Number of protein chains: 4
Amino acid sequence: MPKVVPGYKEQARNRILNEARSVFSEKGYHSATMDDVAKALGVSKGAIYQYFRSKKELFLAALDYHAGVRGSVVQSFLQEGGLKALCTEEFFDRMREESMGSLLLNYDLLRVALSDDTLRKQLRVKHEQWVKGVAEMIQHSLGEKEVSDEVDFLSLARAVLAIRDGLYGSLIVGGDAKKARRAWSVSMTRLLGSVLD
Amino acid sequence: MPKVVPGYKEQARNRILNEARSVFSEKGYHSATMDDVAKALGVSKGAIYQYFRSKKELFLAALDYHAGVRGSVVQSFLQEGGLKALCTEEFFDRMREESMGSLLLNYDLLRVALSDDTLRKQLRVKHEQWVKGVAEMIQHSLGEKEVSDEVDFLSLARAVLAIRDGLYGSLIVGGDAKKARRAWSVSMTRLLGSVLD
Amino acid sequence: MPKVVPGYKEQARNRILNEARSVFSEKGYHSATMDDVAKALGVSKGAIYQYFRSKKELFLAALDYHAGVRGSVVQSFLQEGGLKALCTEEFFDRMREESMGSLLLNYDLLRVALSDDTLRKQLRVKHEQWVKGVAEMIQHSLGEKEVSDEVDFLSLARAVLAIRDGLYGSLIVGGDAKKARRAWSVSMTRLLGSVLD
Amino acid sequence: MPKVVPGYKEQARNRILNEARSVFSEKGYHSATMDDVAKALGVSKGAIYQYFRSKKELFLAALDYHAGVRGSVVQSFLQEGGLKALCTEEFFDRMREESMGSLLLNYDLLRVALSDDTLRKQLRVKHEQWVKGVAEMIQHSLGEKEVSDEVDFLSLARAVLAIRDGLYGSLIVGGDAKKARRAWSVSMTRLLGSVLD
DNA sequence: CATGAATGAGACTTCATTCAT
DNA sequence: TATGAATGAAGTCTCATTCAT
């Protein structure tokens, strides 16, 4: 047993991850400095380097850390209300809270990913997992009610995620949240409506 | 009045704009250096500064320059085939050729825009223009066939653009183009289908 | 709270201030580079930027730092000998030692001040303080001996300072120190003589 | 006989000299660019290089050119009114118009002069010429009225010039012209008063 | 002679990263 | 472990100067 609190390092790491995400999200990967992160944490720059080898590593770890958190929140929300919940404006807002910061970070991530094949593959895989998850959800909502052959669940899932990302993107430049929200429910209803009926 | 060929400066500017876009697109706004751009052009760094006051200005100008080109291509395509053309996979591909490079740049642009109110407003306005354009197109396709009150054209338009952006985004990480294409036509048909019938 | 020696930063700052003044004084504000200063200090350029935000700030701080030192030396000298001491060649020399390097810097400072309203105002105020100080000194020397209404102390003070600056200026181009010294005592005696008698 | 107007080159040169002085005076030697000068002239940068080999040469030539002009203006003024005219506030203003710009330039010149022995010597010589000129003027004013042995004309002359330069210097930072003017007449009267009586 | 686009050296400044304390 | 001063590489931008037209 070490003298220090067990799990201390883990806690410290997570604390850094949280703050780092916040800082990166606000200023952007390139504009945020290690000093910004350190100051937000109230520690010295050097301290961060004991947990992460480089800025890039910190950035990637921060994204990864929160991707897990976010996913779980969304999923739990869906499990309660099912596909119908997904079509609501409330769901859009709920997910937005979780995603907005990360969306911006994802833009930075994409840039970083472009020159890193491994990373790009990870992103692709993760995206496909989301697609499959949503597709299954849709299919599941149908229950045994109908023959599934006529519906392209995967394409629908892709579209759902695309709308989500596209609408959030429009919000970043200052788009009206009310309109985006409405666009979400309108399009979701049209897209999944016939499936639900 | 320059003794040199008239219009030379205009040409040179455009040449820079082209190359700059290419370089920024490949490396990203932050990672690309003015030297990269200069080398791609085969000129010295200083030369660029005779045409653009700063890296940011060059970046913005390059985006603007190509936004015009892109827009016109898309529009001409739509005028021929109308709303039905928009739902095709061919359209998706066609627009992709025009957009992909710019999409990445747009991510950089968003980051830049976040700390530039004027710029953000411009982006918002431009986006709204697209929305209106697409909404009108949809409404127009309906012709006098139906009462328009029941359909929220603007929301549909927003969704259409969101899907476009979202799908292109998925392609950037290496998503399968065929699947995205299919998702496009499937979702477009569902979204606009009842309008078209 | 730094673990390092307390007051270290203060010392380092002052060391930079000293060296900077020396370098600026020798090469001039514009010709001296931050690299020159860094090399004179035996540190890297970056180190300086931890203490001063810009070259201009460093320059201004260096001037300010030494202005304090200089002022105090002069004042103490005057308090002992009063107005008579001020008229001596010895005083001229004494003050010269303190001023010469700074005089050159002051020329640079004037140039900088021309495009900086705040700075210009500071200089003006500081100059007026000197004027008032000298004027009071003259008035004080008179004691209750005479009615002061007939003497324009402020104008005299202005003249005294002008002569000082003018003579030092002549020395910079290589003027003969002996002659300047003599001009000082001769003119001071004539200027303040009747006041002193 | 050349085709071009005889003396054209001379005229062009002088025109450049005039404008250059104006630009250098306003912006300072270092801050003024060759482009600034060219634009003020309404010609291209290249044109200037056909008359002057370098920026430094242009600067020096411009100063030299106007030194002559200025001197003559002042001298003519003095020849009319003699020493008494010199003591007036009017004279101070008159000379100020001629000197202010040049005073600033002289500061720049000093900096340049410091690393150029030849130049520094020229400045010293020129200054001594002024001193002698003023000294003779004072002596001349006395006429045969008195024995000159008791008065140190050269020192007085030095003081006069020093006051001029010192007061103008105070004006540069925004000092009150009225006060400087008054200081001039007050001090001149005290300095030369007994000589004049 | 004039033009002005291009050059290229070099200035200021910023950080990610290291390391002695 | 934490600190934060120092490093040094790199980036943006500026101009004096040149030269093909």
Side-chain angles (χ1 to χ4, degrees), chain A residues 2-4 8-9 12 30-39 41-58, chain B residues 1-5 8-9 12-13 30-38 41-58, chain C residues 1-5 8-9 12-13 30-38 41-58, chain D residues 2-4 8-9 12 30-39 41-58:
Chain A
K3 260 270 182 60
V4 292
Y8 168 78
K9 254 200 118 150
H30 283 98
S31 301
T33 70
M34 290 301 268
D35 226 35
D36 290 332
V37 177
K39 258 169 205 151
L41 283 161
V43 301
S44 70
K45 259 180 300 186
I48 301 176
Y49 279 87
Q50 284 192 330
Y51 296 89
F52 304 94
R53 244 195 292 282
S54 70
K55 189 187 180 185
K56 187 175 168 182
E57 191 178 308
L58 171 61
Chain B
M1 263 175 296
K3 225 176 214 164
V4 293
V5 192
Y8 169 81
K9 234 184 150 160
R13 214 186 117 98
H30 282 100
S31 302
T33 71
M34 290 302 267
D35 223 31
D36 289 333
V37 178
L41 284 161
V43 302
S44 67
K45 254 179 303 183
I48 301 175
Y49 281 89
Q50 277 200 328
Y51 297 87
F52 305 94
R53 256 196 289 278
S54 69
K55 188 187 180 185
K56 187 175 167 183
E57 189 178 309
L58 171 61
Chain C
M1 260 176 297
K3 223 174 214 164
V4 293
V5 193
Y8 169 82
K9 234 184 150 161
R13 215 186 116 98
H30 282 99
S31 302
T33 71
M34 289 302 267
D35 222 31
D36 288 333
V37 178
L41 284 161
V43 301
S44 69
K45 256 179 302 182
I48 301 176
Y49 281 89
Q50 278 200 328
Y51 298 88
F52 304 94
R53 256 195 289 278
S54 69
K55 188 187 180 186
K56 187 175 167 182
E57 188 177 310
L58 171 60
Chain D
K3 260 265 182 64
V4 294
Y8 169 78
K9 253 199 119 149
H30 282 98
S31 301
T33 70
M34 290 300 269
D35 227 34
D36 289 332
V37 177
K39 258 168 204 152
L41 282 162
V43 301
S44 69
K45 260 181 299 185
I48 301 176
Y49 279 88
Q50 283 192 328
Y51 296 89
F52 304 94
R53 244 194 291 280
S54 71
K55 189 188 181 185
K56 187 176 169 183
E57 190 178 308
L58 171 62

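These numbers were taken from a predicted model, which means no experiment stands behind them.
By the salt bridge (charged side-chain N to carboxylate O under 4.0 Å, His left out) test, B:Arg13 pairs with no residue at all, sequence neighbours left out. Residues satisfying the side-chain contact (heavy atoms from CB on, under 4.5 Å) test with A:Glu57, not counting sequence neighbours, are A:Phe52, A:Arg53, A:Ser54. Every residue two or more places apart in sequence or in another chain that forms a side chain to side chain donor-acceptor pair (under 3.5 Å) with D:Lys39 is listed here: D:Asp35. Partners of B:Thr33 under the side chain to side chain donor-acceptor pair (under 3.5 Å) rule, at least two apart in sequence or in another chain, are B:Asp36. Residues satisfying the side-chain contact (heavy atoms from CB on, under 4.5 Å) test with A:Ser44, not counting sequence neighbours, are A:Ala47.
Atom CZ in C:Arg13 sits roughly 18 Å away from atom C1' in F:dA6 (whole-Å rounding). Regarding B:Lys9, its NZ atom lies at a distance of 16 Å from the C1' atom of F:dT21, rounded to whole Å. The distance from atom CD1 of A:Ile48 to atom P of F:dT1 is 16 Å, rounded to the nearest whole Å. E:dT3 atom P lies 14 Å from atom NZ of D:Lys39, rounded to whole Å. Distance D:Leu41 CG to E:dG4 P: 14 Å, rounded to the nearest Å. Note: CD (D:Glu57) to C1' (F:dA16) measures 14 Å, nearest angstrom.
Between D:Ser44 and E:dG4, a side-chain N or O to OP1/OP2 separation shorter than 4.0 Å is absent.
Among the heavy atoms of the strands lying under 4.0 Å from D:Tyr51 are primed sugar atoms or P, OP1, OP2 only; no base atom is included.
A distance of about 13 Å separates the C1' atoms of E:dC1 and F:dT21, rounded to the whole Å.
Here the nucleotide nearest the side chain of D:Gln50, chosen from E:dC1, F:dT7, F:dA5, is E:dC1.
Each of C:Gly42 and A:Ala47 was matched to the nucleotide of DNA chain F holding its nearest heavy atom; the match closer to the 5' end belongs to A:Ala47. Both D:Val43 and A:Ser31 sit near DNA chain E, but only D:Val43 has its closest nucleotide nearer the 5' end.
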Tabulated below should be each protein N or O lying under 3.5 Å from an N or O of nucleotides 12-14 of chain E; please produce it.
| unit_1 | atom_1 | unit_2 | atom_2 | d |
| --- | --- | --- | --- | --- |
| E:dC12 | OP1 | C:Lys55 | NZ | 2.8 |
| E:dC12 | OP2 | C:Met34 | N | 2.9 |
| E:dT13 | OP2 | C:Tyr49 | OH | 2.6 |
| E:dT13 | OP2 | C:Lys55 | N | 2.8 |
| E:dT13 | O5' | C:Tyr49 | OH | 3.4 |
| E:dT13 | O4 | C:Lys45 | NZ | 3.3 |

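Here A:His30 contributes atom NE2 and A:Lys55 contributes atom NZ; the two are 6.5 Å apart, rounded to the nearest 0.5 Å.
Taken together, the paired segments of DNA chain F that extend over three or more consecutive Watson-Crick or G-U pairs, each closer than 3.5 Å at both contacts, are E:2-21 with F:2-21.
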